[in-house]
Structures are given as C-alpha cells and as structure tokens.
Amino acid sequence: MADSQDADVDARMYEQLKLDRPHGARVYDYFLGGKDNFAIDRQAAEHLLQAFPGFRTAALSNRMWMHRAAKYAAEQGITQFLDVGTGIPTSPNLHEVVQEITPAAHVVYADNDPIVLAHSRALLVSKPEGKTAYLEADVTDPQAILNSDEVKELIDFSKPVALSIVGVFHYLPDALKPYDLVRQLVEPLAPGSLLIFSHCTPDFAPELWERAMVVYKADGGDAQVRSKEEVTRFFEGTELIEPGVVSPFRWFPDAETNRLVDKGEFTDIMCSLWVGVGRKP
C-alpha cells in the first residue's frame, strides 16, 4: 500500500489494524515483495534489513520450504490441514499446493491480522472437491481455534491433520508460554498427524540477530529468536521426520532450492531458520 493510502485509514481502522506497531504478517509480506503493508511495517522491515541483511532471503526460503513440507504431507495421504498464523495470501497458498495432489483436501487458515481477513477471499478459492475456510483468531488462544465453527466443520480430529505453524513463534516471547501453546494445538490431533514448524534462529549470526531484535523492539514489535535446542523442544510429543531440525534448504530440497544454494544465496547465515516436520505417534 502506498503511503498516501496509509493517511486514508480512519481512527477506528487504525486501532483495529494496530498501526501503532508493526505486525509480523505485514512485515513478512514486505520481505516477499508484497504491497499489503503500512508505513510502520515498512519502517520496521527496513530497520531489520539494516541490522540483518538476510531477512528477504530467510522469508523466501521459509516460503519455499513451506510448499515442500505441505506437499510432503499431502503425499503422505493427509487430507486435512490447519494453518495457524497464515500471513497475507501469496500464491501459491497452502491449499493450492496440497489440492494439486489431493483435490478433496480441507484447509482451515487462522490469523489475527485484519489485513489477512480482508484478503481471505484468495484463501477460499478451493478446488470443487475440497474445502477451505478462514477464521480470525490468535495463536495465543488455541482453544478458540480448535473450538471454532470453521475447524469443527472442516476438520475431523479422528483422522490425521497437518498442523502448519510456519514463521510464527519467533514473535512470541517466553512470557506467552509458546511451548504450551503448541502442545495445546497438537494434543487433540490423531496419531499420524504432522507438525510443520519453522522458527528464526540467532545460531549462525548471533551479533547480527541481537542487533535485529533491539531495533525491532524499538519499532514497537516483539520477538524472541531461539536456538536449535529451543526450537527442537517444540516437537516434543512427535517423532521428527528425517533429516530432523535443519536449515530450510536442507529439508528435501527441490531443483530451485538447489539452484539458489549453488548461487550462494541460500546459506545458513542468510536463511537463519530452523525447520522441521514431526509425526505424532
């Protein structure tokens, strides 16, 4: 969105969109080259890029990995997907990836940014055999997600579900008890369900990430990046699919991923993410 459009937002909408601070979904949209962000988000994003130049690369590698992980889940026969912290729609979205493999797949999206809701129509264009739904909900209230009409209508918890939580939990500090939140979301899932999870890490460039966290918080955001050991804890109660918790470009890379690795664009430092898929026994 152009700066002139920012000025047109009325006071009620300003409060609803929380334009006094950056929002992770809109900052991520900016890194991916999207237009659905505001001045506060662009400012925070540019400050982050000054502190750590790899954010655009990290966002791209995260998105590409999500597509591969979703495809993997569909190829394992999973037909139900719950995507928490959806972000602003960017084609191909998760349902577009999985319904190419399983046209009858059901996908429920959840996010707490009204901007995502405003664009949710793009998430609802399902193949005729399948179904998609969107609900405005916050990951810090798992029960509201699990008990929503959308989830009750589209998800059968007696059968395996792929729970996608991609690039979300580095916005949740420990005070919000993030491990408990993931456990609450995984607990009702049937055996054979998958947890698809990614998280930013300072492991490869600690000084740069320390600076990035300082500037993001100074801009009004909140975040906490975590080590490999800390990210692996999110998978407790599941069995990690090989190759385990790794950098995104090392998890079943496709030809495009390998091309970007060969060009030197995808490196541990520039991606600075831990990703993994765990299966509930």
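Numbers here simply count residues along the sequence, with the first being 1.
In this pair, Trp209 and Phe52 present their aromatic rings tilted. The plane angle is within the 30 to 60° band. Between Phe55 and Phe31, the ring planes are parallel. Angles under 30° get that label, and only those over 60° would be called perpendicular.
Remark: the Glu136 side chain and the Asn112 side chain contain no N/O donor-acceptor pair separated by less than 3.5 Å. At a cut-off of 3.5 Å, with distance as the only test, a side-chain donor of Asn62 or Ser198 sits close to an acceptor on the other residue. Side-chain contact check for Asp41 and His23: no donor-acceptor pair (N or O, by modelled atom type) lies under 3.5 Å. Looking only at atom types and distance, the side chain of Asp156 has no donor-acceptor partner in the side chain of Gln80 under 3.5 Å away.
With sequence neighbours excluded, the residues forming a side-chain contact (heavy atoms from CB on, under 4.5 Å) with Thr267 are Ile269, Met270, listed by chain and number.
Atom CE in Met64 sits 13.5 Å away from atom CH2 in Trp251 (nearest 0.5 Å).
With a 4.5 Å cut-off on side-chain heavy atoms, Phe38 and Ile115 count as touching. Counting only heavy atoms from C-beta outward, the side chains of Thr132 and Leu123 never approach each other to under 4.5 Å. When side chains are defined from C-beta on, Val166 counts as touching Ile196, because their heavy atoms get closer than 4.5 Å. The shortest side-chain heavy-atom distance between Leu260 and Thr257 does not fall under the 4.5 Å cut-off. In this structure, the side chains of Pro202 and Glu210 stay at 4.5 Å or more apart for every pair of heavy atoms. Residues Pro142 and Ile145 are not in side-chain contact: their nearest non-hydrogen atoms beyond the backbone lie 4.5 Å or more apart. Counting heavy atoms from C-beta outward, Ser193 and Pro160 have side chains that approach closer than 4.5 Å. Taking 4.5 Å as the limit, every side-chain heavy atom of Leu135 sits out of range of all side-chain heavy atoms of Tyr109.
Here the closest non-hydrogen pair linking Arg226 and Leu172 is NH2-O, 2.7 Å. Considering all non-hydrogen atoms of both residues, Ser227 and Asp203 come closest at CA-OD1, 3.3 Å. The shortest non-hydrogen separation linking Gly276 to Trp65 is O-CZ2, 3.6 Å. Heavy atoms only, all atoms of each residue included: Phe204 and Asp268 are closest at CD1-O, 3.3 Å.
A donor-acceptor pair under 3.5 Å is formed between the side chain of Asp111 and the backbone N or O of Asp113. One N or O on the side chain of His106 and one on the backbone of Leu154 form a donor-acceptor pair closer than 3.5 Å. Not a single donor-acceptor pair under 3.5 Å links the side chain of His199 to the backbone N or O of Trp274. Between the side chain of His47 and the backbone N or O of Arg42 there is no donor-acceptor pair closer than 3.5 Å. Side-chain N or O atoms of Asp29 include none that pairs as donor or acceptor with a backbone N or O of Ile88 at under 3.5 Å. A side-chain donor-acceptor contact under 3.5 Å links Asn93 to the backbone of Thr90. Here the side chain of Lys280 pairs a donor or acceptor atom with the backbone of Val186 at under 3.5 angstrom.
The ring of Phe234 has its center closer than 6.0 angstrom to the ring center of Phe197.
Among pairs with a residue in residues 58-84, none fulfils salt bridge (Lys or Arg N to Asp or Glu O under 4.0 Å), at least two apart in sequence or across chains.
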Report task. Please test Glu229 against Thr232 for side chain to side chain donor-acceptor pair (under 3.5 Å), starting from the C-alpha separation and ending with a verdict. Result -> CA-CA 5 Å; Glu229 181 181 10; Thr232 302; over 6 Å; no
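The pair Glu96-Lys127 does not count as a salt bridge, with every side-chain nitrogen at least 4.0 angstrom from each carboxylate oxygen. Salt bridge present: Arg183 and Asp180 bring a charged side-chain N and a carboxylate O closer than 4.0 Å. The pair Asp222-Arg21 fails the salt-bridge criterion, with no side-chain N (NZ, NE, NH1 or NH2) lying under 4.0 Å from an Asp/Glu carboxylate O.
Relative to the ring axis of Tyr179, Arg233 places its NZ or CZ within 45° and under 6.0 Å from the centre.
Connection of Ile155 to Leu181 is established within a shared hydrophobic cluster, with ILVMFWY side chains joined at heavy-atom distances below 4.5 Å, either directly or through further cluster members.
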